[in-house]
Amino acid sequence: MAHQEKATSGVEWRITLEDGSSKSLVPDAGPVSRIWAGVGGLIAGLVLKVREFLRRAWDIGVDDPRKVIHCLKVGMALTAVSLFYFMRPLYKGLGGNAMWAIMTVVVVLENTVGATIYKCSNRVLATTLAGFLAFGVHWVASQSGQEFEPLITGASVFILASATTFSRFIPSVKALFDYGALIFILTFSLVTVSGYRVDKLFDMACQRISTILIGTCLCLLVTLFICPIWAGEELHILISRNMDKLANSLDGCVDEHFDYNDEHKDSDKQPDKKLLGYKCVLSSKATEESMAEFARWEPAHGRFNFKHPWQQYLKIGASMRSCACCVAALNSCIDSENQAPEFIKKHLSNICLKVSSSSSSVLKEVAKTIKTMKRSSSVEFLVEEMSSAVQDLQNEIKSLPELLSPPEVLHTESKETDDTTSTIHLLDVIPVVTLASLMIEISSRVQAIVETVEELAELAEFKGEVQEKEKQNQPNINRIVASQLNDDQQTVKALERV
């Protein structure tokens with residue numbers, strides 16, 4: 001039986017079944033309604049994705065405003081070089097090749113000064129060499145007659161392109177001239193092949209070289225004098241920051257293993273956040289290598305000379321990654337299912353915390369040395385303190401058998417019981433020995449980091465703190481000496497009058 005009921009929202013049709021229950025009859029949505037609903041959902045999802053993208057882009061710009069500045073620099077350079085194409089007098093001087101200046105700015109202008117100089121130098125050198133070499137090949141081919149001209153041109157392109165491509169696999173060439181080799185292949189092929197149909201090949205090559213020179217010079221001016229970002233300085237900051245992160249990760253891992261933070265809630269340490277520091281060290285190899293290569297092309301700036309030992313930073317980074325591997329293994333001990341008994345952890349907690357604290361202190365002091373480029377007088381003392389803590393840890397490990405199996409227990413138990421007890425004690429000791437061995441290995445690798453930093457200090461001629469203080473106090477000393485000499489002269493004059 002069906003009947004009609006009125007609702008506040010309109011008319012609703014319901015049907016009463018034989019069992020007394022009722023069911024609403026809702027008409028199916030038509031195809032137009034379904035399509036409109038799908039389009040609305042698609043537009044809403046697209047708006048949400050665009051909003052999330054803009055939020056992330058805003059966060060990137062806020063975290064590092066220099067990226068926004070670099071974008072503005074690129075726009076400024078492209079606008080300036082476009083004048084050679086828009087202004088008729090400049091366009092007549094360069095012709096359609098003015099577009100090469102715009103292409104040069106697009107592919108050459110990089111975020112750091114070193115990367116821009118590297119690409120500019122490679123592009124100018126490769127374009128010039130390839131242009132004149134292509135002109136020479138064209139002259140030889142044109143003198144050989146129409147029959148042999150395409151053969152000579154094709155053979156030269158094949159030989160030089162193959163040889164240049166192979167040179168990119170040579171490590172020394174790849175490090176310094178990889179981009180230049182690519183530009184050489186491109187320029188030589190374009191000029192050589194186009195010269196088969198173009199009469200004034202030399203004029204065309206000169207125009208292209210001149211436009212590329214204009215583009216590279218403009219890029220150098222923009223990157224050097226408008227908010228420059230130095231690759232060497234970025235590498236310097238990255239190494240010191242990673243060393244601080246490594247020290248914090250070491251402290252955080254040991255603190256969390258011994259639940260040290262539950263007893264010191266008011267401490268400013270946050271191991272949960274600091275545990276990720278060693279991962280930054282492990283993943284920074286490619287960035288360090290690229291920055292070191294680009295830093296070699298940069299002129300002297302700030303505290304860094306032209307021949308600053310940038311390659312030494314790579315050795316420091318390798319030493320830090322070696323230490324970070326041990327910290328990663330130490331971090332895995334926290335989540336391990338096999339944990340030592342609480343009384344064993346409590347017995348070794350103080351000495352392990354002492355070793356981690358002394359090791360992290362050494363790392364932080366060495367990071368300060370790199371950051372300030374001044375030798376620290378407390379590094380040797382901290383290293384000795386770390387060595388002493390490691391020696392104490394080794395002594396505590398040697399005393400573990402006495403803690404686990406006292407002599408009187410061994411005399412009263414049977415041989416079978418002794419074997420069972422020894423097995424249980426061995427399983428209990430394994431996590432502790434693993435932790436202690438990692439702590440000892442970390443301290444030795446921290447010592448290796450200190451040695452590489454000392455080499456950097458010698459190569460870069462870091463000044464000591466004592467020398468810096470003497471330099472700062474020298475004007476005061478000069479004033480004191482001058483005042484004393486003045487007093488002595490006045491005393492002598494007074495005695496002469498008497």
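The residues of the chain are indexed from 1 along the displayed sequence.
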Using the ring of each side chain (for Trp, its six-membered ring), is Tyr118 parallel, tilted or perpendicular to Phe294, with breaks at 30° and 60°?
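Tilted: the ring planes of Tyr118 and Phe294 meet at 30° to 60°.
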Would you call the rings of Phe166 and Phe169 parallel, tilted or perpendicular, where under 30° means parallel and over 60° means perpendicular?
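Phe166 and Phe169: tilted rings.
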To the nearest 0.5 Å, how far apart are [atom1] in [X] and [atom2] in [Y]?
X	Y	atom1	atom2	value
Gln447	Cys323	CD	SG	11.5 Å
Glu298	Leu224	CD	CG	9.0 Å
His70	Cys227	NE2	SG	12.5 Å
Ile185	Thr165	CD1	OG1	3.5 Å
Leu393	Asn350	CG	CG	12.0 Å
Leu186	Thr127	CG	OG1	8.0 Å

Step-by-step salt bridge (charged side-chain N to carboxylate O under 4.0 Å, His left out) determination, Asp244 to Lys371:
CA-CA 11 Å; Asp244 284 330; Lys371 188 181 302 182; 3.7 Å; yes
Test item: [X] and [Y] side chains (from C-beta on) under 4.5 Å apart, heavy atoms:
X	Y	result
Glu385	Phe381	yes
Ile117	Pro299	yes
Thr192	Ser156	yes
Ile239	Met320	yes
Arg375	Glu458	yes
Met439	Ser356	yes
Cys325	Tyr278	no
Asp178	Val173	no

Heavy-atom donor-acceptor pair, [X] side chain to [Y] backbone, under 3.5 Å:
X	Y	result
Thr187	Phe184	no
Ser167	Thr164	yes
Ser162	Ile159	no
Ser437	Thr434	yes
Glu365	Ser376	no
Ser290	Thr287	yes
Lys73	Ile226	yes
Arg321	Leu282	no
Ser388	Glu384	no
Asp64	Ile60	no

Stepwise salt bridge (charged side-chain N to carboxylate O under 4.0 Å, His left out) check, Lys285 with Glu288:
CA-CA 5 Å; Lys285 180 180 179 181; Glu288 293 172 3; over 6 Å; no
Minimum heavy-atom separation for [X] to [Y], with atom names?
X	Y	result
Asp392	Lys354	OD2-NZ, 3.7 Å
Phe462	Met373	CE1-CE, 3.5 Å
His236	Tyr313	ND1-OH, 2.8 Å
Ala134	Val191	CB-CG1, 3.6 Å
Ser360	Asp251	OG-OD2, 3.0 Å
Arg168	Ala181	CG-CB, 3.7 Å

Carefully, step by step, assess Arg66 and Glu234 under the rule salt bridge (charged side-chain N to carboxylate O under 4.0 Å, His left out).
CA-CA 12 Å; Arg66 296 177 302 177; Glu234 292 295 310; 2.4 Å; yes
Take Phe132 and Ile209 through the test side chain to side chain contact (heavy atoms under 4.5 Å, CB included) and record every step on the way to the result.
CA-CA 10 Å; Phe132 285 105; Ile209 292 174; 4.1 Å; yes
Working note: Glu441 + Ser444, criterion side chain to side chain contact (heavy atoms under 4.5 Å, CB included); need CA distance, chi angles, decisive distance, verdict.
CA-CA 5 Å; Glu441 183 64 24; Ser444 64; 3.7 Å; yes
Test side chain to side chain contact (heavy atoms under 4.5 Å, CB included) applied to Glu293 and Trp310, step by step:
CA-CA 8 Å; Glu293 291 296 334; Trp310 300 114; over 6 Å; no
Is the positively charged end of Lys119 above the ring of Tyr179, judged by distance under 6.0 angstrom from the centroid and angle within 45° of the axis?
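Relative to the ring axis of Tyr179, which defines the angle, Lys119 lies inside both limits.
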Flag if over 12 foreign heavy atoms under 6.0 Å of CZ, Arg56:
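For Arg56, atom CZ is not crowded (no more than 12 foreign heavy atoms under 6.0 Å).
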Look at atom CD of Glu461 and say whether more than 12 heavy atoms of other residues, nucleotides or ligands are closer to it than 6.0 Å.
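It does not: Glu461 CD has 12 such atoms or fewer within range.
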Consider side chain to side chain contact (heavy atoms under 4.5 Å, CB included). Of Val366, Leu363, Thr369, which one does Val450 pass it with?
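Only one option passes, and that is Val366.
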Take Lys307 and Arg296 through the test side chain to side chain contact (heavy atoms under 4.5 Å, CB included) and record every step on the way to the result.
CA-CA 8 Å; Lys307 293 184 178 180; Arg296 296 168 59 183; over 6 Å; no
Does the pair Arg123 and Thr104 meet the rule for a side chain to side chain donor-acceptor pair (under 3.5 Å), with working shown?
CA-CA 8 Å; Arg123 188 169 182 85; Thr104 300; 3.3 Å; yes
